[in-house]
Amino acid sequence: MTRFAPSPTGFLHIGGARTALFNWLFARRNGGRFVLRIEDTDRERSTPEATEAIFEGMRWLGLEWDGDAISQFSRVDRHAEVAHELLARGAAYKCFATKEEIDAFREKAKAEGRPPLFLSPWRDADPSTHPDAPYVVRLRAPRDGETVVEDAVQGRVAWKNETLDDLILLRSDGTPVYMLAVVVDDHDMGVTHVIRGDDHRTNAARQSLIYHAMAWPTPVFAHIPLIHGPDGAKLSKRHGALGVEAYRDMGYLPEAMRNYLARLGWSHGDDEFFTTDQAVAWFGLDSVGKSPARFDFAKLENLNGQHMRAASDTDLLTQIDALLAAQQKPAIPPLAREKMLAAMPGLKERAKTLNELIDSAYYLLAERPLQPDEKAAKLLTTEARALLGRLTTHLQNASEWSVSGLEEIVRAFAEAEGLKLGKVAQPMRAALTARAVSPGVFDVLEVLGREESLARLVEAADG
RNA sequence: GCUCCGUUCGUCUAGCGGUCAGGACGCUGCCCUCUCAAGGCGGAAACACGGGUUCGAGUCCCGUACGGAGCGCCA
């Protein structure tokens with residue numbers, strides 16, 4: 001069993017999404033469960049909006065979790081119970097040191113060049129000397145020896161116990177801290193594999209101390225390398241640390257997103273482009289790399305283009321519908337849908353994102369009079385318009401309105417005019433699509449239909 | 001500062017003692033071609049540095065440099 005345990009203090013960012021993906025892949029690969037736990041014990045920063053944003057992001061990415069999402073906050077009583085059990089068996093103790101005392105201790109230690117680990121004077125104090133004052137519960141961590149974490153990704157990592165402090169379990173108001181809550185929840189929920197960002201690596205040492213104190217079996221830890229921005233620095237909002245919904249809005253496919261994210265830090269030989277089913281079949285912790293990866297939009301775009309080409313026309317249309325709905329933009333009218341479906345093979349081959357695809361379908365949605373863009377306008381010179389006028393006559397007589405028949409007519413026309421096909425096709429494209437770039441003109445003619453095509457050509461010729 | 005970790009083309013990566021160091025994105029030359037894509041065939045491009053170990057190191061060990069993460073009564 002794996003879990004994804006985000007704190008609901010913002011959207012589901014790209015690093016979290018990949019962590020979730022790896023957990024999901026691992027669970028699916030091994031026939032295990034994948035649960036979602038919201039780490040909302042910080043009441044100040046946690047918001048229901050952020051929780052909902054995480055659900056949304058997970059759903060969009062297609063990372064379905066098993067069972068209901070669990071609120072960590074709802075389990076505070078259980079966390080406190082474990083802390084008291086630890087206290088009862090002497091594995092933890094009450095510390096009456098005030099924040100001021102601790103701060104002073106740390107400052108002094110720093111000034112003297114010693115590690116700023118707080119050594120509580122209450123660790124071995126006689127309970128009869130305990131004052132009637134607020135206290136925190138600290139773990140009585142071993143001072144000798146070392147703590148070893150066998151990390152499934154990082155390998156064997158060891159810390160000297162003298163470098164680990166007596167971490168706080170319960171705050172002075174009696175509420176549990178994250179470090180305790182995570183261990184108790186992971187244990188109680190039966191999590192066998194803790195796959196999370198490498199920024200948690202040192203937490204694994206502290207947490208395994210708690211596991212040992214409770215005599216609980218430790219889960220397998222796997223700390224996956226972090227994702228950096230294009231400049232190698234920590235991923236920030238200027239880079240790719242956007243919420244996953246931002247990627248949705250940019251027109252990326254969830255399938256492509258999963259593919260790209262999976263390849264960031266994990267590999268399967270030379271495979272670059274693969275389906276989610278393949279990723280599930282191939283995924284393994286031993287193929288996860290150790291070093292951080294940079295987020296690269298260019299590669300994401302390429303992969304997205306490949307997935308768009310591989311997608312079925314109807315599926316793409318469905319995804320466009322969903323995107324427009326999510327962006328609260330007007331839906332595609334029924335008639336245009338049919339045309340869009342007919343034009344889809346030519347459209348999807350040229351687009352890297354759904355947004356590009358929608359944009360390139362302008363000519364299907366637009367109504368006369370068309371508004372040629374700059375490049376299209378340049379193609380519609382006086383001579384070109386005259387040419388289109390002559391061509392239109394031939395086209396009007398076309399016996400059947402099909403790609404092959406139309407191509408025959410236009411080619412014959414170009415030859416008669418002593419022109420290369422391109423000299424005719426480009427003005428046609430400008431007239432029919434108002435753009436200088438589009439799918440093949442004969443495909444455009446067929447999809448647009450006889451009436452509309454001729455009307456546009458006439459409009460351009462007369463323009 | 002202390003602790004831990006990392007370092008193969010610009011980027012993502014393969015490699016698990018003997019390879020012409022492979023693939024992908026991007027860049028680029030040619031072909032195809034009604035535009036743009038897509039596609040086909042090429043090209044430039046990497047083992048951070050220094051010591052060991054070994055007949056032989058990208059692969060093992062040590063050090064250096066650089067990079068990262070952590071060091072809260074945050075998660």
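Just so we're on the same page: letters track the sequence lines, and every chain starts at 1.
- When each of B:rA75, B:rC73, B:rU11 is scored by its nearest atom to the side-chain atoms of A:Arg294, the top-ranked nucleotide is B:rU11.
- Ring geometry for A:Phe105 against A:Phe118 counts as perpendicular: the plane angle is over 60°, on a 0 to 90° scale with 30° as the lower cut.
- Residue A:Lys420 is classed as having no contact, given no heavy-atom separation below 4.0 Å to the nucleic acid.
- For B:rG39, the paired nucleotide is B:rC31, the pair qualifying as Watson-Crick or G-U wobble because both relevant distances are below 3.5 Å.
- In this view, A:Arg456 and A:Glu452 satisfy the salt bridge (Lys or Arg N to Asp or Glu O under 4.0 Å) rule, not counting sequence neighbours.
- Summarising the base pairing, B:rA24 is matched to B:rU11 through a Watson-Crick or G-U wobble pair whose two defining distances lie under 3.5 Å.
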- Report the C-alpha distance between A:Tyr135 and A:Trp122 in whole Å, list the side-chain angles of each, state the deciding distance to 0.1 Å, and finish with yes or no for ring pair (Phe, Tyr, Trp, His ring centres under 6.0 Å). CA-CA 10 Å; A:Tyr135 60 86; A:Trp122 299 97; over 10 Å; no
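- Separating the P atom of B:rC34 from that of B:rG43 is a span of 28 Å, rounded to the nearest Å.
- Atom CH2 of A:Trp282 and atom C1' of B:rA14 are 14 Å apart (whole Å).
- A cation-pi arrangement is absent between A:Arg390 and A:Phe413 under the rule of less than 6.0 angstrom and at most 45 degrees off the ring axis.
- B:rG72 and B:rU54 are spaced 49 Å apart, taking the C1' atom of each and rounding to whole Å.
- A sub-4.0 Å separation between OP1 or OP2 of B:rG6 and a side-chain N or O of A:Lys290 is present.
- Nucleic acid contact for A:Arg43: none, since no nucleic acid atom lies under 4.0 Å from a heavy atom of the residue.
- Nucleotides B:rC2 and B:rA44, compared at atom C1', are 45 Å apart to the nearest Å.
- In this structure, A:Asn23 contributes its side chain and A:Ile195 its backbone to a donor-acceptor pair below 3.5 Å.
- For A:Arg106, whose side chain is taken as the heavy atoms from C-beta onward, the closest listed nucleotide among B:rU3, B:rC12, B:rC73 is B:rC73.
- Each of A:Asp198, A:Thr202, A:Asn203 was compared with A:His200 under the side-chain hydrogen bond (donor to acceptor under 3.5 Å, both in side chains) criterion, and only A:Asn203 meets it.
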- Message: salt bridge (charged side-chain N to carboxylate O under 4.0 Å, His left out) for A:Arg138 and A:Asp165? Distances and angles first, verdict last.
- Response: CA-CA 9 Å; A:Arg138 284 182 186 275; A:Asp165 61 358; 5.4 Å; no
- Item | Base versus backbone protein contacts along nucleotides 22-35 of chain B [heavy-atom cut-off under 4.0 Å; B, S, -] | BBBSS-------BB
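- Among the protein residues, A:Ser172 comes within range of the nucleic acid bases, having at least one heavy atom under 4.0 Å from a base atom.
- Using a cut-off of 4.0 Å between Lys/Arg side-chain N and Asp/Glu carboxylate O, A:Glu107 and A:Lys110 are scored as not salt-bridged.
- Residue A:Ala97 is in base contact, counting any heavy-atom pair closer than 4.0 Å across all strands shown.
- If you take NZ of A:Lys110 and C1' of B:rG1, they are 8 Å apart, rounded to a whole angstrom.
- Within the nucleic acid shown, A:Ser46 has no heavy atom closer than 4.0 Å to any nucleic acid atom.
- Summarising the geometry, the separation between NE2 on A:His13 and P on B:rA75 is reported as 16 Å, rounded to the nearest angstrom.
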Shorter than 3.5 Å, N or O on both sides, protein versus nucleotides 61-70 of chain B: list them out with atom names.
{"residue": "B:rG70", "atom": "O2'", "partner": "A:Thr202", "partner atom": "OG1", "Å": "2.7"}

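- Annotation: side chain of A:Gln207 is in contact with side chain of A:Phe221 (closest heavy-atom distance under 4.5 Å).
- Across all strands shown, A:Arg45 has heavy atoms under 4.0 Å from base atoms, whether or not it also approaches the sugar-phosphate.
- Between B:rC36 and B:rC66, the distance separating the two C1' atoms is 43 Å to the nearest Å.
- A pairwise comparison of heavy atoms in A:Gly197 and A:His223 identifies O-CD2, 3.5 Å as the closest pair.
- Taking atom NZ of residue A:Lys348 and atom P of nucleotide B:rA38, one finds them 15 Å apart after rounding to whole Å.
- When the P atom of B:rA75 is taken as reference, atom CZ of A:Phe73 falls 12 Å away, rounded to whole Å.
- Only the C1' atoms considered, B:rA37 is 16 Å distant from B:rC31, to the nearest whole Å.
- For the pair A:Asp166 and A:Arg123, the salt-bridge criterion is met [side-chain N within less than 4.0 Å of a carboxylate O].
- As a whole-Å value, the separation of A:Leu264 CG from B:rA14 P is 12 Å.
- Of all the residues in residues 139-160 of chain A, A:Gln154, A:Val157, A:Ala158, A:Trp159 reach under 4.0 Å from RNA chain B with at least one non-hydrogen atom.
- Going from the C1' atom of B:rG1 to that of B:rU8 covers 32 Å, rounded to whole Å.
- When the P atom is compared between B:rG42 and B:rG52, the two are found 42 Å apart, to the nearest whole Å.
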Please tabulate, one pair per line, all N/O donor-acceptor pairs under 3.5 Å involving side-chain atoms of residues 291-300 of chain A, not counting sequence neighbours.
{"residue": "A:Arg294", "atom": "NH1", "partner": "A:Pro230", "partner atom": "O", "Å": "3.2"}
{"residue": "A:Asp296", "atom": "OD1", "partner": "A:Ala298", "partner atom": "N", "Å": "3.2"}
{"residue": "A:Lys299", "atom": "NZ", "partner": "A:Glu272", "partner atom": "OE1", "Å": "3.2"}

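- Where A:Pro225 and A:Arg138 each meet RNA chain B at their nearest nucleotide, the meeting point lying more 5' is that of A:Pro225.
- A 3.5 Å limit on both hydrogen-bonding distances identifies B:rC49 as the Watson-Crick or G-U partner of B:rG63.
- Among the heavy atoms of the strands lying under 4.0 Å from A:Gly265 are primed sugar atoms or P, OP1, OP2 only; no base atom is included.
- Salt-bridge formation is not detected for the pair A:Asp185/A:Arg3: no Lys NZ or Arg NE/NH1/NH2 atom is positioned less than 4.0 Å from an Asp or Glu carboxylate oxygen.
- Straight-line distance from the CE atom of A:Met344 to the P atom of B:rA38: 18 Å, rounded to whole Å.
- B:rG1 and B:rC71 make up a base pair, with Watson-Crick or G-U wobble contacts both under 3.5 Å.
- A:Ile168 places its CD1 atom 11 Å from the P atom of B:rA75, with the value rounded to the nearest Å.
- A 3.5 Å limit on both hydrogen-bonding distances identifies no Watson-Crick or G-U partner for B:rU54.
- Atom C1' of B:rC25 sits at a distance of 24 Å from the matching atom of B:rC20, rounded to the whole Å.
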- Show the numbers, then the answer: is there a side chain to side chain donor-acceptor pair (under 3.5 Å) between A:Asn259 and A:Glu255? CA-CA 6 Å; A:Asn259 188 165; A:Glu255 176 88 355; over 6 Å; no
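- Residue pairs meeting the salt bridge (Lys or Arg N to Asp or Glu O under 4.0 Å) criterion with at least one partner in residues 422-441 of chain A, sequence neighbours excluded, are A:Asp359-A:Arg435, A:Asp373-A:Arg435.
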